[in-house]
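In the text below, chain A, chain B and the rest are named by the order of the sequence lines, each starting its count at 1.
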Protein chains: 2
Amino acid sequence: MKIGPMKIGELSRRTGASIRSLRYYEEQGLLAPERLSSGYRVYDDRSVATVHRIRVLLSAGLGTSAIAEILPNVYDDSVVLTGRCPELHEGLAVERARITQQIEDLQAAREILDSLIGRPLVITAQ
Amino acid sequence: MKIGPMKIGELSRRTGASIRSLRYYEEQGLLAPERLSSGYRVYDDRSVATVHRIRVLLSAGLGTSAIAEILPNVYDDSVVLTGRCPELHEGLAVERARITQQIEDLQAAREILDSLIGRPLVITAQ
DNA sequence: GTTGACTCTCACGTCAATGTGAGGCTTTAG
DNA sequence: CTAAAGCCTCACATTGACGTGAGAGTCAAC
């Protein structure tokens with residue numbers, strides 16, 4: 001039982017992303033797997049973490065093009081590499097502000113729901 | 001300069017929602033304006049607050065159908081009316097959990113961005 | 001070797017909120 | 001009275017991240 005290279009099905013299983021999504025991420029420049037002579041995609045282990053980051057950022061409302069600008073600058077978890085690229089830096093700040101605003105909107109919405117449920121207000125988590 | 005009834009243009013101005021959106025909200029059962037004999041929509045002042053709530057809930061990711069279930073139970077700001085309607089209550093709890101999860105996802109995404117920006121972590125707001 | 005699981009590339013479908021334009025009434029200001 | 005501005009109802013277009021199916025090649029096990 002040779003282990004063999006990680007193909008798209010296994011990456012899908014490991015990340016929870018659908019095969020379709022993984023192909024889509026590649027199409028958008030977020031992943032760049034090797035190819036076997038058969039045309040099959042081959043991923044390395046770093047791809048798993050990359051896909052996880054992609055999903056986090058996507059669920060935060062970032063578009064694939066924004067993520068494409070960010071990803072190349074993240075080599076492993078939480079390492080700062082964005083030395084002095086002011087353009088990127090500004091774009092990130094914009095996205096960050098959007099996220100912060102979105103969090104506040106969500107908290108406002110949650111309070112509306114809480115007022116209906118009759119739950120004690122302002123529980124920070126859960 | 002008679003004041004006259006509030007028509008769709010004025011409601012749009014007062015709420016920031018586009019005219020198209022206001023018609024859409026009505027189509028989805030979120031608004032039920034009166035009509036003049038001409039067919040023109042007429043709104044009362046409560047509509048302004050209603051539209052604001054709609055927008056908050058929409059931006060929180062609730063669908064119009066979910067909002068349609070919620071809105072009739074909100075008479076003014078933050079009044080609990082959901083006496084004992086377990087079905088609604090459960091639906092709200094589901095949405096609330098979704099929102100809480102979404103907030104956590106956003107915070108995770110913000111930390112990824114922070115690690116790139118090089119900003120001090122864990123600033124709760126702003 | 002053959003079957004079945006896996007993969008490939010198109011390429012069109014989906015969903016939700018909203019944009020946009022056509023064609024035609026109604027109201028308002030002058 | 002008339003023109004401009006506002007409103008009406010269709011109804012098709014848009015955006016983004018996928019779903020889904022067709023048709024065909026590839027790999028693993030038996």
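Partners of T15(B) under the side-chain hydrogen bond (donor to acceptor under 3.5 Å, both in side chains) rule, at least two apart in sequence or in another chain, do not exist in this structure. Looking at residues two or more places apart in sequence or on another chain, you find no side-chain hydrogen bond (donor to acceptor under 3.5 Å, both in side chains) involving R23(B). Every residue was checked against the salt bridge (charged side-chain N to carboxylate O under 4.0 Å, His left out) condition with R13(B), not counting sequence neighbours, and none meets it. Taking R20(A) as the reference, S18(A), Y24(A) meet the side chain to side chain contact (heavy atoms under 4.5 Å, CB included) condition, with sequence neighbours excluded. Applying the side-chain hydrogen bond (donor to acceptor under 3.5 Å, both in side chains) rule to Y43(A) yields no partners; only residues at least two apart in sequence or on another chain are considered. For Q28(B), the side-chain hydrogen bond (donor to acceptor under 3.5 Å, both in side chains) partners two or more places apart in sequence, or in a different chain, are T64(B). Not counting sequence neighbours, the partners of Q107(A) by the side chain to side chain contact (heavy atoms under 4.5 Å, CB included) test are I103(A), E104(A), R110(A), I103(B). Residues passing the salt bridge (charged side-chain N to carboxylate O under 4.0 Å, His left out) test with E26(A), sequence neighbours excluded: R35(A), R41(A).
Atom CD of E34(B) and atom C1' of dC7(D) are 17 Å apart (whole Å). Remark: C1' of dA5(D) and NZ of K7(B) are 10 Å apart, rounded to the nearest angstrom. In this structure, L36(B) places its CG atom 11 Å from P of dC7(D), rounding to the nearest Å. Atom OH of Y43(A) and atom C1' of dC8(C) are 11 Å apart (whole Å). Remark: C1' of dA17(C) and CG of L22(B) are 13 Å apart, rounded to the nearest angstrom. The distance between atom CD of Q28(B) and atom C1' of dA17(C), rounded to the nearest whole Å, is 9 Å.
For S38(B) and dT27(C), the shortest distance from a side-chain N or O to OP1 or OP2 is below 4.0 Å. Regarding contacts with the backbone of dA17(D), every side-chain N or O of Y25(A) stays at 4.0 angstrom or more from both OP1 and OP2. A close approach under 4.0 Å does occur between a side-chain nitrogen or oxygen of R41(A) and OP1 or OP2 of dC8(C).
Looking at R98(B) and E95(B), a side-chain N of the basic residue comes within less than 4.0 Å of a carboxylate O on the acidic one, giving a salt bridge.
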Using nucleotides 1-5 of chain C, report all nitrogen or oxygen pairs with the protein that are shorter than 3.5 Å.
none

Using a cut-off of under 3.5 Å, enumerate the N/O to N/O pairs linking the protein to nucleotides 11-16 of chain C.
none

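Contact record, I99(B) with A109(A): CD1-CB, 4.2 Å, taken as the closest heavy-atom pair. Smallest separation of non-hydrogen atoms from I67(B) and I54(B): CD1-O, 3.9 Å. The minimum heavy-atom distance linking A17(A) with V51(A) is given by the pair CB-CG1, 4.1 Å. Between P33(B) and V42(B), the shortest heavy-atom contact is CB-O, 3.3 Å.
For the helix from dG1(C)-dC30(D) to dG30(C)-dC1(D), the rotation axes defined at the first and last 5 base pairs enclose an angle of 10°, given to the nearest 10°.
Contacts of R23(A) with the nucleic acid, taken as non-hydrogen atoms under 4.0 Å apart, include base atoms.
Listed nucleotides: dT7(C), dT18(C), dT9(C). Nearest to the side chain of I8(A): dT7(C).
Residues of residues 11-19 of chain A that place a heavy atom closer than 4.0 Å to DNA chain C, in numerical order, are I19(A).
Of the possible polar contacts, none joining the D45(A) side chain to the V48(A) backbone as a donor-acceptor pair under 3.5 Å is found.
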